[in-house]
Amino acid sequence: MSVYDIAVIGTGPGGISAAVTAAVRNKSVLLIGEKGLSSKMRKAKEILNYPGFPRTSGGELADRFQAHLDSMGIPVTEDRITAVYDMGGTFGLQGRSGEMYTARSVILAMGVVSAASIPGEDELLGSGVSYCATCDAPLYRGKTVAVIGYSPDEEAEGAFLSEVASKVYYLPMYKGDVSLDGDNIEVIHSRPVRIERGRLVTDDAEYEADGVFVLRESVAPAKLIYGLETDGAHVVTDRQMQTNLKGVFACGDITGRPYQYIKAAGEGNVCALSCVKYLDETQKM
Amino acid sequence: MLNTVANNDLGAARTAAKAFIDFNATWCGPCRMLAPIVDELADEYDGQVEFYSVDVDENPDLAAEFGVMSIPTLVVLKGGQEAAKQVGFIPKDALKALIDRA
């Protein structure tokens, strides 16, 4: 298993900027994100204040970012991180794919998570609520599970769970058709209201479920790493983009307002340089 | 020393002054991350706390008894009674605090 100097989670302007700067400083970088870099960014119609790019669109800027990464030979690893483990000196990053990555430092750049927790979700996380089908599915062999999917990508997780569980309720939190079929899969079009032990309550019914898988675009920072200091949906950092955890840095929307591309890119740069300093200092010890 | 539990038999853990049980599985990523930390702690607490590793696939009765719904689940027993429980990976210092507090 290779150990990277820096793992960058997120491929928006903050993550790209951090990865580029880290690569310039000859650090090995694992850049984890999505295909097309950032679906959120690609939806931005017009960006007026990114120096050098008058009246550009989010899509255009993302294409330029991709070209920049390509020119430096920085690959994007397509995965989603569901948990980061502080192993003392190194960090283990659990991917949704089931892959485990290892790095000596971590940069959090996955943007701000807007979805609020479902009542009961936080309390039951780890005892009936899971964020990772690949990680916890075997515990639900022969049992009934509910999957709350926030994007069509999660249908694959629902299908995977249906191979293990005896029954899968799938609740899409997005518009459009659900292409999931199987004798033991039931697609339910109602909103989850509350998660209880062994039960999922929606706005029009109740479902017996031993486990509830809540699959969002990204995991709230406070639940991603044990002990991380947060302020609401944001991660608390100092001016060097250092969080309260040694070796963990953050940049972009995740650190708070203003939510601006150029602010994220600037913070990504600071983040990478702080990270390089941290790595150099810890290597000396 | 870390004892590996087989046949759902916790043995001396139930009578020890203090015992630490790590519920895990071979397919569980965070369990693999935790394993070396538990190994270190087993050495550091040698003579004070008994350490046990329970593979939930091989010991389903124990997993059911302790209500394990997600792994890793870490349980501290004090005189056979559950004194602390932690679900999910926590770093070494937090794990030590969990054991010391129980």
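Order of the sequence lines sets the chain letters (A, B, ...), proteins ahead of strands, with each chain counted from 1.
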Which atoms form the tightest heavy-atom contact between [X] and [Y], and what is the distance?
X      : Y     : value
A:M87  : B:I37 : CA-CD1, 4.4 Å
B:P30  : A:Q94 : CD-OE1, 3.1 Å
A:L139 : B:W27 : CG-CH2, 3.9 Å

Are more than 12 heavy atoms, taken from residues, nucleotides or ligands other than B:D43, located less than 6.0 Å from that residue's CG atom?
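Yes, because the 6.0 Å sphere around CG of B:D43 holds more than 12 heavy atoms from other groups.
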Practice problem: Measure the spacing between CE of B:M33 and OG1 of A:T102 and express it to the nearest 0.5 Å. | Solution: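 Between B:M33 CE and A:T102 OG1, I get 4.5 Å after rounding to 0.5 Å.
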* Can you say whether B:I71 sits under 4.5 Å from chain A via the side chain, the backbone, both, or neither, judging by heavy atoms? ->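 Its backbone and side chain both get close to chain A.
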Which of residues 78-94 of chain B have a heavy atom under 4.5 Å from any heavy atom of chain A?
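Near chain A, by residue number: B:V87, B:F89, B:I90, B:P91, B:A94.
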Check: Using a cut-off of under 4.5 Å for heavy-atom pairs, which of A:G128, A:P138, A:C132 has the most such pairs with chain B?
Finding: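 Counting heavy-atom pairs under 4.5 Å, the top option is A:P138.
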